[in-house]
Protein chains: 2
Amino acid sequence: MLHAVAKVERTRLSAADWEQAALDLIAKQGVGAVAVEALARQLGVTKGSFYWHFPNREALLKAALERWEKQDTDQVLGQVEPIADPRARLCELFRRTGREAKSHAIYSALLRALDHPIVQPVMARVSARRLDFLTLAYRQVGMSRSVAAHRARLAYAAYVGFLQLALQLGMPRLEHAELEAYVEHVIDTLIPA
Amino acid sequence: MLHAVAKVERTRLSAADWEQAALDLIAKQGVGAVAVEALARQLGVTKGSFYWHFPNREALLKAALERWEKQDTDQVLGQVEPIADPRARLCELFRRTGREAKSHAIYSALLRALDHPIVQPVMARVSARRLDFLTLAYRQVGMSRSVAAHRARLAYAAYVGFLQLALQLGMPRLEHAELEAYVEHVIDTLIPA
DNA sequence: CCGGCACCATACTCGGCCGTATGGAAAACG
DNA sequence: CGTTTTCCATACGGCCGAGTATGGTGCCGG
């Protein structure tokens, strides 16, 4: 009963199907778990299929991460970017990440694979974009250039650490009420009144 | 020129030597890189030596982590615990971690292996202790129980995220001056005036 | 209806790393 | 000084996962 996850829809596969399956696996079991034969079983096919679409395992990883980077860039940040007031924009960003923490599983998994030569540059770009986003918002609420940069770093580090502790460790079982209270505390602390 | 790191001191080895070598390797290349044959090469011996001291690879990991947990518990926190004033204690803790960030390489590596069944309980204990330490200090500066708990969580998450970004990613090349300015900003933000 | 292309199965090889078996050298010991 | 214990080398068996080779099946244009 371990296999046959989605053996319905027995149509032919495309490269995109493999990439998406790889991303799903990354979210659940990390980058190291992306094995060709395991993916093939999950998709109801064999390795023979894989090596028609991709030359090797690294090519799949590269393609999957490219796909993720695209659909992630305008995912989280794009949702809150239209908010004009920078303070409200930050608040909304924090609340969303707290509420939909589980959807950051891929980001968290990639964070734990920063030593991988393929993952590293992708995460460097994504992190830089998010840091820039935060820095801009903090500047718009009146902070100086250096203070805004530091506060953005702090907020981003808190986000990264929160993901690690909440998703990997159980983070002393925080229920919804407790979590929301925590998020509000973060907002009070990291967003100037 | 990749091997023969410390082939001097050609005396017999003890289990402790293997544990220490494992910790060094964890710090540099992560938990996944702890392979017995690789360690043997680094120590200038062969596998035959290893399997005399340990029954298998997991036993080494377990012993190494026990050793680390012991020498870590009274390492960072023990140094600043005697400081009576809670505010000064927190400041000193933050400054030390910022200054000696590189010595947290093992902690950072273990953080990236939280899925490993042997690593997980160790990190759960260590994290709980550190969180308790922070929570107590925040309570002593006058915070309520819940606020102190939340602030401790935030500070600890910021610490965890900082390690990931600074050690794994290059964290946009922060030099000493920039880093100290960042630490001071963190102190101003996370420690109540 | 047929040749060709897209997609997939099957059956291998190969290298890496774990663990085992066994013999040898070096120290410790009586 | 011989024996026992401790530590290590060498050699081997086996698993697992990547990658290759090759043949098979459905679909599609002509």
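Numbers restart at 1 for each chain; the letters A, B, ... are given by sequence-line order, proteins then strands. Small disclaimer: the values here were computed from a predicted structure and weren't measured.
Note: CG (Asp17(A)) to P (dC7(C)) measures 11 Å, nearest angstrom. The nearest whole Å value for the distance from the CG atom in Asn56(B) to the P atom in dC15(D) is 18 Å. With rounding to whole Å, Leu13(A) atom CG is found 9 Å from dC7(C) atom P. Spacing between atom CZ of Arg12(B) and atom P of dC7(D) amounts to 6 Å, rounded to whole angstrom units. Between the CZ atom of Phe50(B) and the P atom of dA9(D) there is a distance of 14 Å, given to the nearest Å. If you measure from atom CH2 of Trp52(A) to atom C1' of dG24(D), you get 16 Å, rounded to the nearest angstrom. To the nearest angstrom, P of dA18(D) lies 6 Å from CD of Glu37(A). For Tyr51(A) and dT22(D), the OH to C1' distance is 16 Å, given to the nearest whole Å.
Across all their heavy atoms, Ala22(A) and Leu39(A) have their closest contact at N-CD2, 3.9 Å.
Electrostatic pairing of Lys62(A) and Glu19(A) does not count as a salt bridge here, judged by no charged N lying under 4.0 Å from a carboxylate O. Using a cutoff of 4.0 Å between basic side-chain nitrogens and carboxylate oxygens, Arg95(A) and Glu184(A) are scored as salt-bridged. A salt bridge does not link Arg12(A) to Asp17(A): none of the charged nitrogens lies less than 4.0 Å from a carboxylate oxygen.
Taking 4.0 angstrom as the limit, His53(A) places a side-chain polar atom (N or O) nearer than this to OP1 or OP2 of dC8(C). Proximity of Arg57(A) to the phosphate of dA18(D): a side-chain N or O atom is located under 4.0 Å from OP1 or OP2.
Other residues, nucleotides and ligands contribute over 12 non-hydrogen atoms within 6.0 Å of the CD atom of Glu100(A).
Ring geometry for Phe50(B) against Trp18(B) counts as perpendicular: the plane angle is over 60°, on a 0 to 90° scale with 30° as the lower cut. A perpendicular orientation is assigned to the rings of His104(B) and Tyr159(B), their planes being inclined by more than 60° (bins at 30° and 60°).
Residue Lys47(A) is the one, among Pro55(B) and Lys47(A), whose nearest nucleotide of DNA chain C lies closer to the 5' end (criterion: closest heavy atom). A residue-by-residue look at Ala35(A) and Gly48(A) shows that Ala35(A) has its nearest nucleotide of DNA chain D further toward the 5' end.
In secondary-structure terms, DNA chain C builds stems of at least 3 consecutive Watson-Crick or G-U pairs, each pair having both distances under 3.5 Å, at C:4-17 with D:14-27, C:19-30 with D:1-12.
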